[in-house]
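The structure under discussion appears below in the form of structure tokens.
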Amino acid sequence: MTDSVLTELALGLASGKVRIVDLTATLSPDTPILQLPTEFGWGESWPFSMEQISRYDEKGPAWYWNNLKCGEHTGTHFDAPIHWVTGKDHENHATDTLPPERFVAPAVVIDAVAESAADPDFLMSVDFIKAWEERHGEIPAGSWVLYRTDWSKKASNEEYLNAQDDGSHTPGWDPATVVFLAEERDVIGVGVETVGTDAGQAPAQDPMFPCHNLMHGANKCGLASLCNLDQLPPTGAILIAAPLKIKNGSGSPARVLALVPQG
Ligand SMILES: O=C(O)C(=O)c1ccccc1S
Ligand SMILES: [Mn+2]
């Protein structure tokens, strides 16, 4: 009798034929957060903070716990379609109403490390995607598209945010690429290593913040501040990425894992 597919998965995990890769950055008060232009409420989204309630002491003799405070879009996090005005009218578009089927899905990884190292304002084009598809096949519908830049390996928050007088300079998307992925390839959404799914110079793009505008407008999702994408194959990984089930939430910090076939 053939084993069920989940039995096969369990055997694969036990044997190491399926490896689990953690794509999540550690969440701490040092976690870098998005720097928006001052006219867009910069500073209203708080850095992550923890306030100890007790640690096996007079306030809690047998327990250790903390209060947490942060914005929804902090650290490695999930963007729901409700996050953007263009996604506001979709159904089941918030963190508590998104279908759970969106939280486990295949992922492809597009390597733009060299391009984004050469130009921090690199915008991934449709031609760049199509050249990738020539090598790896068409991006399957229902996949996450992960944008590998190795940005998560930057030595400091300053280098990671790469803020200059005219804002941050970090890679992102040509608007046409977002439309192509959302409409021609029907992806679940895109994931990036940078602090947000859009380029640092996205406020000056047309439309402003095109990945948020067009991806959430198409009822798609986003993942930001991912790490370890260098440990994933171009195709074949399965992503487990779920937001906290926050009522009417626009997003939330998430633990993002990849199941990667070995050998
Ligand atoms: O979703 C985010 O984390 C994000 O990048 C963002 C949040 C709010 C406003 C603009 C942006 S660009
Ligand atoms: Mn976000």
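Start at 1 with the first residue, then count along the sequence. Atoms within each ligand, like the ligands themselves, are counted from 1 in listed order.
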N/O donor to acceptor pairs below 3.5 angstrom from side-chain atoms of residues 236-252, sequence neighbours left out:
unit_1 : atom_1 : unit_2 : atom_2 : d
Ser250 : OG     : Glu72  : OE1    : 2.5
Ser250 : OG     : His73  : NE2    : 2.7
Ser252 : OG     : Leu244 : N      : 2.7

Do the non-hydrogen side-chain atoms of Phe209 and Pro203 ever get within less than 4.5 Å of each other? yes
Tested for side chain to side chain donor-acceptor pair (under 3.5 Å) against Asn162, the lone hit among Gln164, Glu158, Glu159 is Gln164
In terms of ring plane angle, is the pair Phe78 and Phe103 parallel, tilted or perpendicular, where the classes change at 30° and 60°? perpendicular
For ligand 1, give me the residues whose heavy-atom distance to it is below 4.0 Å, by chain and number please. Leu34, Leu36, His73, His77, Asp79, His83, Trp84, Gly196, Phe209, His212
Is there a path from Val5 to Val18 through hydrophobic residues (I, L, V, M, F, W, Y) whose side chains come within less than 4.5 Å of each other? yes
For residues Ser125 and Asp127, is any side-chain donor paired with an opposing acceptor at under 3.5 Å? no
Can Lys130 and Glu184 be counted as an ion pair, charged N to O under 4.0 angstrom? no
Does His169 use its side chain to pair, donor to acceptor, with the backbone of Gly200 at less than 3.5 Å? no
My understanding is that a hydrophobic cluster links ILVMFWY residues whose side chain heavy atoms are under 4.5 Å apart, including indirect links. Using that, what else belongs to the cluster containing Val145? Val108, Ile110, Phe122, Met124, Val126, Phe128, Ile129, Trp132, Ile139, Tyr147, Trp173, Val178, Val179, Phe180, Leu181, Val187, Val190, Val192, Leu214, Met215
Given a cut-off of 2.8 Å, the protein N, O or S atoms lying below it from the Mn ion (ligand 2) are His73 ND1, His77 NE2, Asp79 OD1
